[in-house]
Amino acid sequence: MASGQPDANGSRPSTSDDGGPHFDLETYTSNYMGHTKIIRLRFIAEKCSDSAMELEALRMALDEIKKGDNTQVYIETIERVRGRLGRAYQHDREWVNTKEKQAAQRQERLELELNGYKTNLIKESIRMGYNDLGDFFYARGDLQAAFKSYVRTRDYCTTSKHIINMCLNVILVSIELGHFVNVTNYVQKAEQTPDNTDPVIQGKLKCAAGLAHLENKKYKLAARKFVDVNFELGTQYKKVIAPQDVALYGALCALASFDRADLKSKVIDNISFRNFLELVPDIRELINDFYASRYASCLGYLQKLKPDLLLDVHLFDHVDTLYEQIRHKALIQYTTPFISVDLNRMAASFKTNVAGLEKELAALIMENQIQARIDSHNKILYARHADQRNTSFQKALQVGADYQRDTKALLLRANLMQHDFVVKPKKGQ
Amino acid sequence: MASLEQLLSSVQGLHDTPEHLETARTQLKQAEEMLAKSGADKLNVALSHLDPSRYSLAWLFLLDAQQGVTQPDKADAFINRCTAFLKACHQDQIRIAVEKFNSVCFKLKDCVLVLNQPARGVLPLRTAIKKLQPTSEHLTPQHADFLLLVVLSKIYNAGLPVLAEEIFEVDAKKTGIAPRDFLLYCYYGGMVYIGMKRFKKALELLGHAISAPAQVLNAITLEAYKKFVVVHLLVDGQLPTFQKYTPTIVQKLLKSNSQPYIDLGNAYATRSVGDLKKCIQTNENVYKTDTNLGLVKQLIPSLYKRNIQRLTQTYLTLSLKDIAEAVELEGPKEAELHVLRMIEEGEIFAEINQKDGMVSFREDPEEYNSVEMVNQLDAEMQGMIKLAKKVAAIDEQVSTDKAYLGKINLKERHSRFGEEDYEIGSQRMFVEPTY
């Protein structure tokens, strides 16, 4: 697999030579903070097949959880460890009790304060009160309650900055809840707010919108959002997404959905996005290979990346679809410029055998994605140019026949109605 | 009450002006009971003295008065008499006694069925249709019976001329037709076309039965739908959708009552012959009871064909072995047979090279530049123009229709209600359209 290519290793963890997933978890998690770090670690622990790595992930997750207030997640994670991490990671009842007690007190205090503000009708204080309550619930992992509190601040927003803040909070919670409809809605709301000029905030919104499109399998829209993210965002959206992810998600979606011209103008020549790509050299090479039609190398990179991608919390259930689409794109792109293609050579470029390639091409032709026909005897693919004239004749005859048939049916029906020819139940029934 | 002789002499004394015919009809109608009581022999004797073309009306009443004609021993004579009468009878006279005419034709159909000689009724009923129809666009109750006999006697060709005359008018006043006759016409007509393998035409007729206005589901509609589904698969390869004006209740009940056929469509859509065969096997008894098994079995070769046709879109050349594999045929030999047959029937354009077992597919050689094609196009356009004229005529007729205008004006008045020019609107409403 792509052995002749320079083995570029970036800050993103890469697969080891034996092909299995071998994450450098430290490097990986250092890109994230807050909830997403925990979520991603727990996700990796759940998905990976290697028990050493599972335990490592769980250990790091526990370390992270202990920094916060979410006792629920702590208990769940401890249960998953089942004592495999030794004495240091036993169920810490004391910590849980203290945290719960503190939390109860804090909640009581916050609610009391909020009620006080409400009786005094000070808008700004009420907003702050709800916000604090939202932050509290979010930290405790009660996402529904956090969502409600954040949404309530909306009535007390006085400046556009407040509104954007509210939207960002709601988006954060909604992503974690997996409610991507809300994400899209609030991204729109934030974007429509005046004075929304901060490139970092715009970047955050685009990332969130991109994620929502990705979840809805609208890869083209997702790609558009990701490649538009300004590099100034940097690591400032660590709570949700790392800059490496922007490159990864954007590139894969773009490969799967953009045409050649768009790929060039929106991805390869996009200065801002190129900065993101520099963070993940494998992906950069992959895109350049694809554009330069070096499909074997390109598919090699994809194969190499796959185990890692399957451990990504947002990407894992889209990997197969995206890969399939990228492969189809590559096949289509390969055949477009030629009148005839030698299948033997094509198979070599795609690292597959002729019989398999023939089946793939046949499927694409039947779906009308490639206009060509296969000469299976000589193993050559011939481009096929639709005869416009014949097609128009065929279509005209078809439309004419349909029109006559439908009109006649309607005339008959009108007559049936006119004479009240209705099938009625028998009398007495 | 007058005797048979008196009645006949009185009727014979009348001429065939409309007034006299009306008198004759009243007299005959009053004598109905007496006629029914007279024995068949007496009536037959009377009939032999009457000229059926001059006294068609009297003939009709006397024929219908005969009792028990459907018994096997009497049926033969009755059929002969009807056949002669239908050939000779006078249009104007039978049209004023539509009910009697329909009843006689109905008995005729029963008689040929009793004798199990459906072919004997085909020609007489065709004549009957012609005699009763005010125009060739009218549907008569005899249409359905005629087509039934055509189907039973399997001389489908005989049905085509009647089916070729398209029906646009159902007028119960003129032909005594009922909704059931319409459904049967569509159903049997569909069967005739299926028999002739003219599936598209069959779809049209069966489709009429399905989308016909209804408040309940009729068994005829259900049977028509079952056939419709199978034929649609043969033509189009997928399950049909309903015309949007199909009554909702019919749609719902049809779907829930024809599951084995829906399964068939889903199996067909997988393009796997194995799945299809399995589905047919599972539901074989259902199809058999519905007498659709033969039709359903046609789906298997049709799926082979469809799959091979798909290959022609994809390949320029393909070995017989690969074809056999791709469409689930047993081996190259069988594939060759299928391909050969399709070439012969003009369904694909290809050549078989037996030396290396290769098939080369060609494009459709039709270039749309032959004289025949021009003629066909011309014929299509003429048909279209004719149809457009018909639509225009009907549009005109509707826009001068009293009931329609009344309704439109009413609506207008409602929309203007409360406005200042209400007065003008209401005035206009009472202006009668001038004819």
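For the numbers below, each heavy atom of this structure counts, side chains included, while hydrogens, waters and symmetry mates do not. A note on names: the letters A, B, ... follow the listed sequences, proteins ahead of strands, and every chain is numbered from 1. Note that the structure is predicted; figures quoted are calculated from it, not measured.
- Heavy-atom pairs under 4.5 Å with chain A peak, among Glu363(B), Glu367(B), Lys173(B), Glu380(B), at Glu363(B).
- Within a 6.0 Å sphere centred on NZ of Lys386(B), other residues, nucleotides and ligands contribute 12 heavy atoms or fewer.
- Every residue meeting the side-chain hydrogen bond (donor to acceptor under 3.5 Å, both in side chains) condition with Lys266(A), not counting sequence neighbours, appears here in chain and number order: Asp262(A).
- Within residues 389-413 of chain A, the residues approaching chain B closer than 4.5 Å by heavy atoms are, in numerical order, Arg389(A), Asn390(A), Phe393(A), Gln394(A), Leu397(A), Gly400(A), Tyr403(A), Gln404(A), Arg405(A), Asp406(A), Thr407(A), Lys408(A), Ala409(A), Leu410(A), Leu411(A), Leu412(A), Arg413(A).
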> Could you walk me through whether Val422(A) and Gln215(B) pass the side-chain contact (heavy atoms from CB on, under 4.5 Å) check?
Replying inline: CA-CA 7 Å; Val422(A) 181; Gln215(B) 290 164 359; 4.0 Å; yes
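- For Tyr225(B), the ring pair (Phe, Tyr, Trp, His ring centres under 6.0 Å) partners are Phe242(B), not counting sequence neighbours.
- A donor-acceptor distance shorter than 3.5 angstrom exists from the side chain of Thr317(B) to the backbone of His377(A), with no hydrogens or angles considered.
- Summarising the geometry of Leu316(B) relative to Asp375(A), their closest heavy-atom pair is CB-CA, 4.0 Å, with the distance given to 0.1 Å.
- For chain A, no part of Ala326(B) is nearby; none of its heavy atoms comes within less than 4.5 Å.
- Heavy-atom pairs under 4.5 Å with chain A peak, among Ala178(B), Ala172(B), Pro247(B), at Ala178(B).
- Looking at Glu166(B), only its side chain comes within 4.5 Å of chain A, counting heavy atoms on both sides.
- Contacts of Met358(B) with chain A are made by side-chain atoms alone, with heavy-atom separations under 4.5 Å and no backbone atom involved.
- Pro213(B) places none of its side-chain heavy atoms less than 4.5 Å from the side chain of Val423(A).
- Counting all heavy atoms, side chain and backbone alike, Tyr315(B) lies closest to Ser376(A) at CD2-CB, 4.1 Å.
- Counting heavy atoms from C-beta on, the side chains of Glu169(B) and His419(A) come closer than 4.5 Å.
- Heavy atoms of Glu204(B) lying under 4.5 Å from chain A belong exclusively to its side chain.
- Below 4.5 Å, heavy atoms of chain B meet no heavy atom from residues 318-327 of chain A.
- How far CD1 of Ile374(A) is from CG of Asp322(B): 10.5 Å, rounded to the nearest 0.5 Å.
- For a residue to count as touching a neighbouring chain, one of its non-hydrogen atoms must lie under 4.5 Å from one of that chain's; by this rule Lys200(B) does not touch chain A.
- The CZ atom of Phe421(A) lies 9.0 Å from the CG atom of Leu183(B); values are rounded to the nearest 0.5 Å.
- Across Leu318(B) and Glu358(A), no two heavy atoms sit closer than the pair CD1-OE2, 4.3 Å.
- Using a 4.5 Å cut-off between heavy atoms, Ile167(B) contacts chain A through both its backbone and its side chain.
- In terms of heavy-atom pairs under 4.5 angstrom with chain B, the leader among Lys359(A), Met417(A), Met366(A) is Met366(A).
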